[in-house]
Colleague: 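Quick one: the structure is below, and I'll ask about it shortly.
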Amino acid sequence: MSLWQDLPISHRYAELPQSFYTRVMPTPVDNPRWVSWNAPFAASFGLGETPDDLWLQIFSGGEVPDYFQPLAMKYAGHQFGVYNPALGDGRGLLFGAIADQQGRWFDVHLKGAGLTPYSRMGDGRAVLRSTIREYLCSEAMAALGNQTTRALGMMVSDTPVYRERVEQGALLIRLAETHIRFGHFEHFFYTGQHDDLRLLADKVIAWHFPELTAAEVPQDNVYLAMFRQIIERTAEMIAFWQAYGFAHGVMNTDNMSILGQTFDYGPFAFLDDYDPRFICNHSDHQGRYAFDMQPGIGWWNLTALAQALTPLIDKDALEAVLQTYTTRLNQEYSRLIRCKLGLQQRRDGDSELCDDLLNLMAENRVDYTLFFRRLSSLDQQPLDTVTTLFDNQTAALAWLQRYLSRCEQETDSRGQARTVAARCQSMREVNPKYILRNYLAQQVIDAAEQGDFQPLEQLIAVLRRPYDEQPQHERYAALPPAWGKCLEISCSS
Ligand code: AMP
Ligand code: MG
């Protein structure tokens, strides 16, 4: 099957009352054209290798067939700690949901579609550079194993978009199992529309957590069970960010998916040098969303969601279940770091070993990704491939010796000493060689702004296999050049 109209399509969101959204058609753009099509992801829907011209028409403001019912969702949210009631899809439209070949439903959302009632001072458009960044990073995160929104492809047009300069406009077809954010619940809570709040919760459960309506779950607790799921998934998402060195940059509650998926890619960055205080968002002067603040902000955002759920769930129960967040996050983070270090068994002193490493890496400004990849290659490479990453090589060597003697205590399932090769092999499966460094994204953007989209395709192909050696693509694993380390990524998009 390759035709869009043959896909299973649902309008589940459009069937909700009018208080949830406004119906809006996309505003046409000039000379729209496809610049990238995510063929591997499209294949999971049974869609073909190349994009359909009909889709181009539909998404760029041509006639929208009946099987889509575009709408702008209404939501609110806390931005940098301040409640903003006036949010909603200001430049994106939800067209409907399509099912993949396994029957999983994905919202089809067009980002950059034009003005909506929630556009406020904005123009409803998205620029090429930010569209490329979202497209690239969501694919990179998915390949790393993180829960994330995806994209089916992107288009550009000749409609100019005015930011600090005139830029090319682009459109992203974003797919996600949900586009419901913490801020959707906040909107209905703060406007006192508590019947709609309950309806939203009922729909979230029916669409995303149907297992919670099973007979075993006490029905008076179904909303609490939903919140518990949201907490758990959020904790797991943030543990992943911390373990893989990902800084989101704008963790406002309107950018938090209720499914714990990385959502709304803005001025994000993967760490180059390990710096826990790293702030990727040029506009975040206080460092509210600094890398090491993310776990605490996850908590803050969940308490904001808890507040919005008070009409449905008893306050004491909310407070009690919130306590599970930190435990789950620490548990998951520790699991991921153990995998990264190749330690399968727990031993006294493991936490100190890990803390000492992170402190040493911070002091020596060691590249986070490269360090773990080289540590994973000690079955093939000498120790100094790791120690040379540190200014203080003596301290690095002392840590490595502690680590290696700790590794010698590892045993396999038959109680035999685990081989170095087995350890390193398992580590290479979790420590990426290729991540989306900001400078790589910037090189692709520079080429795309000159009309060359080949580098984008090339980079995406590399990032789809982050754990493979790919010797022919070694250059994508290189450390950033000096200009690439201090790129300032603004919120303007
Ligand atoms: P963001 O900071 O991208 O998460 O967006 C925050 C809010 O601003 C959301 O309601 C967006 O829909 C809206 N928004 C962002 N950029 C634009 C734009 N260019 N035009 C209209 N609304 C926008
Ligand atoms: Mg957003």
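As the structure lists them, so they are numbered: ligands from 1, and atoms in each ligand from 1.
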Colleague: Please work out whether the ring planes of Tyr368 and Phe372 are parallel, tilted or perpendicular, with thresholds of 30° and 60°.
Modeller: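 Geometry flag for Phe372 against Tyr368: perpendicular rings.
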
Colleague: Testing the 3.5 Å rule here: is there a donor-acceptor pair between the side chains of Glu236 and Gln147?
Modeller: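 Short answer, no.
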
Colleague: Determine, for Tyr244 and Lys340, whether the Lys NZ or Arg CZ falls below 6.0 Å from the six-membered ring centre while staying within 45 degrees of the axis.
Modeller: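 Yes, cation above the ring, under 6.0 Å and within 45°.
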
Colleague: Does Phe80 offer a backbone N or O that forms a donor-acceptor pair with the side chain of Asn252 under 3.5 Å?
Modeller: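 Present.
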
Colleague: Does Asp264 pair with Arg181 as a salt bridge, N-O distance under 4.0 Å?
Modeller: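 Arg181 and Asp264: salt-bridged.
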
Colleague: With a distance cut-off below 6.0 Å to the six-membered ring centre and an angular limit of 45° from the axis, does Arg133 pair with Phe268 as a cation-pi contact?
Modeller: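 Yes, Arg133 lies over the aromatic ring of Phe268.
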
Colleague: Parallel, tilted or perpendicular, judged at 30° and 60°: which one describes the rings of Phe41 and Phe106?
Modeller: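 Judged by the thresholds at 30° and 60°, the geometry between Phe41 and Phe106 is perpendicular.
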
Colleague: Which label fits Tyr21 and Tyr13: parallel for a plane angle under 30°, tilted from 30 to 60°, or perpendicular past 60°?
Modeller: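 Ring orientation, 0 to 90° scale: tilted.
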
Colleague: Describe, in one word, how the ring planes of Tyr190 and Tyr83 are oriented to each other, choosing from parallel (under 30°), tilted (30 to 60°) and perpendicular (over 60°).
Modeller: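 If you compare the ring of Tyr190 with that of Tyr83, the planes turn out tilted.
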
Colleague: Using a threshold of 4.0 angstrom between heavy atoms of the protein and any atom of ligand 1, which residues qualify?
Modeller: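 Answer by chain and number: Tyr75, Gln79, Leu87, Gly88, Asp89, Gly90, Arg91, Ser119, Arg120, Gly122, Asp123, Gly124, Arg125, Arg163, Asp254, Asn255, Asp264.
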
Colleague: Around the Mg ion (ligand 2), what protein N, O or S atoms are found below 2.8 Å?
Modeller: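 Listed by chain and number: Asn255 OD1, Asp264 OD2.
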
